[in-house]
Number of protein chains: 2
Amino acid sequence: MGKSAARLKDIAEKTGFSVNTVSLALRGSPRIPDETRRQISEAAEQLNYLPNQVAKSLVLKETKSIGLILTDITNPVLTAVAQAVELELSKRGYLTLFATSNSNPELERKMIESFRARRADGMLVFPCNHRKLDHIRQLRARNYPVVLLVGDPDAGVDAVCMDERAGAFKAVSHLLENGHRRVAIFDGSGQEGNREKIDGYKMALAAADVAFDDALVVAPNGHDVRSGYQAMEALAARDVGATAVICPTDSAALGALRYCVRHGIRVPQDMAIFGFDNTEFGEHAVTALSSVNYDIGAITKLAIDRVISLINSEGDLPQAEVTQVEPDLVIRESTAPLSAD
Amino acid sequence: MGKSAARLKDIAEKTGFSVNTVSLALRGSPRIPDETRRQISEAAEQLNYLPNQVAKSLVLKETKSIGLILTDITNPVLTAVAQAVELELSKRGYLTLFATSNSNPELERKMIESFRARRADGMLVFPCNHRKLDHIRQLRARNYPVVLLVGDPDAGVDAVCMDERAGAFKAVSHLLENGHRRVAIFDGSGQEGNREKIDGYKMALAAADVAFDDALVVAPNGHDVRSGYQAMEALAARDVGATAVICPTDSAALGALRYCVRHGIRVPQDMAIFGFDNTEFGEHAVTALSSVNYDIGAITKLAIDRVISLINSEGDLPQAEVTQVEPDLVIRESTAPLSAD
DNA sequence: GTGAAAGCGCTAACAG
DNA sequence: CTGTTAGCGCTTTCAC
């Protein structure tokens, strides 16, 4: 805390007015005549006065700050989310309190408490687990504004997010329409309760009357490049005739691509690769990635609109609302119709 | 601000003790007998009490929060820095206030003010401009703990950072030792006052008695993948016989690599590519990038040690100290000795 | 037009 | 052992 900052009192003493007058003048009250205001402003300037927001927060009961909790900012989409949230929030006069849960539910809980103790006006959270949301539901029940960046339609908590189920559905359908029949997917199949992608995958298969085959789903160790490489290695080892694969993220897709390049598997001719999230590195990969676009701008804007409206709501919070943004596909070089041979 | 949270007063009324006793009990003062403490804790629990940090901050004159200002979190190194800073800070009981300057000096200034108004105990800043640091110097002069993540040895402000000059020197020297004579560099040559890399580049040439040639330096539009691609395109168009290139970031190097792959330039045989920062996407590129390592863990730890020691220093701040961490090279597939042909 | 007083939720100093 | 008082820096209400 900047050691000895000037206070209203200091400028009051310097100018001979009372603390009250100074406060009013500095906040531009019409009740203060111009000359007085001028003197006060000048003294404030000289003393390098900056209002103490913590004192202000205490009386106003609002901190103009919003907490953002992400699992891991290293994931490029979350990086972009953090950037977008901070930018939008600062435009609206809010400060961003930032924390990472490292996908650890215990830490997530701790950070939520910490934000609450600091009286953040609201929170945006990308939860570790898409299903176990009791602690967050409870927060909301106590009228604390929270909105999730991941959506469970019946979680009872506000959320705005990409519709991953629809994204996976579209991507798989696209592949199917282009003649692929053996479409693999890298997915943890719900270990973390995040079943959206695999659900969409199955729906697309069903809609096209293609049988689901367990052998085509491989559980990666994570969502990063290395995990994608390893998953592709595992898939190749199974030798189950896959001609296309849906990856959980662009990073994983990049790893898969790398495996293919290094093992003489041509992309997209021998193996079509679909990424998720449409990131910069996917777009500019040696073979540009087809991907499911994550419309970060739209999502963060909606999410922020929502928390702020919750913050400004009188009395009890309104009913929870979940908004799913339907993603578009971005088709580039890593996918192509199944070739005849 | 969570609408109606329990206060010490509420639990005082509920238990019949005074606010003071409750406060002491909850903070584990030895002066309070176990039975009293038990009753109080129980009541606190029931009321779902959480201490109001803003009130606490007001009296204690410390917020246990530190501001982090980055230019642009989208740059993978800065992403990693943000992650590392948040993690380390939370381990030490500090909250991270986060802001982005978007490389805009005006915004940077504004964010610094905002943090100061909120009485962040200190700040970590990655400034837009490595030379124009007056506003920050001034802050420090008023005893505000700041440490920069970019170093100007004679800025008069604490800093801990990677020694980019040494990094560039090492990378260029490595190339030179491996027979390269026409080493290009993508660098803005100091438009933003960030001359470290080009300085190191020139020093290495001088040390090896290789003449500096303007034609080998191309100014990129930025540090991202696309800029790297364009810079490589520009370099190729000049046709000045470059056999190696130093890129300002791994992202730019990835762009350069992409250009080469798409135009039949073999990497590293026809063109050796050196990146900077050693990022995940560089490591796992189709042709793994040689790079100058940015030891984020070490740097953030030192920087945080420093701000915290400044925060805890009594009276005036001690003399500014700048710590430069010398980077190591990571040699992978994108560079090789100049081939004889 | 301007000032005095009270209070936000908490801690610290001092009594008892 | 526990309670009372004062005060952190600000805003708000109400007098003058």
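Just so you know, these numbers use all the heavy atoms, side chains as well, and skip hydrogens, waters and symmetry mates. Sequence lines set the chain letters: A, B, ... in the order given, protein chains first and strands last, and positions in each chain run from 1.
A:K14 and A:Q46 are linked by a side-chain donor-acceptor pair at a separation below 3.5 angstrom, with hydrogens and angles left out of the test.
Computed from coordinates, the B:N52 CG to C:dC8 P distance equals 12 Å when rounded to whole Å. Rounded to an integer number of Å, the gap from B:L8 CG to D:dT5 P is 18 Å. One can place CG of A:L58 at 18 Å from P of C:dA6, the figure rounded to the nearest angstrom. Between the CD1 atom of A:I11 and the P atom of D:dC10 there is a distance of 10 Å, given to the nearest Å. As rounded to whole Å, 10 Å separates atom C1' of D:dT2 from atom CD1 of B:I40. Between the P atom of C:dT11 and the CD atom of B:E62 lies a distance of 12 Å, rounded to the nearest Å. Atoms CZ (A:F17) and P (C:dT2) sit 5 Å apart, rounded to a whole Å. Note: CG (A:L26) to P (C:dG1) measures 19 Å, nearest angstrom.
For the OP1/OP2 pair of D:dT12 and a distance below 4.0 Å, the side-chain nitrogens and oxygens of A:S23 include no atom meeting the criterion. Here B:R7 does not reach the OP1 or OP2 of C:dT11: none of its side-chain N or O atoms lies under 4.0 Å away. A:K56 has no side-chain polar atom (N or O) that falls below the 4.0 Å cut-off from OP1 or OP2 of C:dC8. For B:Y49, a side-chain nitrogen or oxygen approaches OP1 or OP2 of C:dC10 to under 4.0 Å.
Using a 4.5 Å heavy-atom cutoff, the side chains of A:F126 and A:V81 are not in contact.
Candidate nucleotides C:dT2, D:dG3, C:dC8 were compared by shortest atom distance to the side chain of B:S18, and D:dG3 ranks first. Candidate nucleotides D:dT2, C:dC10, C:dG1 were compared by shortest atom distance to the side chain of A:P33, and C:dG1 ranks first.
Nearest-nucleotide positions on DNA chain D place B:V19 closer to the 5' end than the other of B:V59 and B:V19. Residue-to-nucleotide proximity on DNA chain D shows that, of B:A55 and B:L24, the 5′-proximal contact is made by B:L24.
For B:N20 and C:dT11, a side-chain-to-base donor-acceptor distance below 3.5 Å is absent, hydrogens and geometry of angles not being considered.
The CD1 atom of B:I136 lies 9.0 Å from the CZ atom of B:R109; values are rounded to the nearest 0.5 Å.
Taking a 6.0 Å sphere around CD of A:E45, one finds it holds 12 or fewer heavy atoms contributed by other residues, nucleotides or ligands.
Using a distance-only test at 3.5 Å, with no hydrogens or angles considered, no donor-acceptor pair links the side chain of B:T100 to the main chain of B:T71.
Looking at heavy-atom distances under 4.0 Å, A:R31 makes contact with a base.
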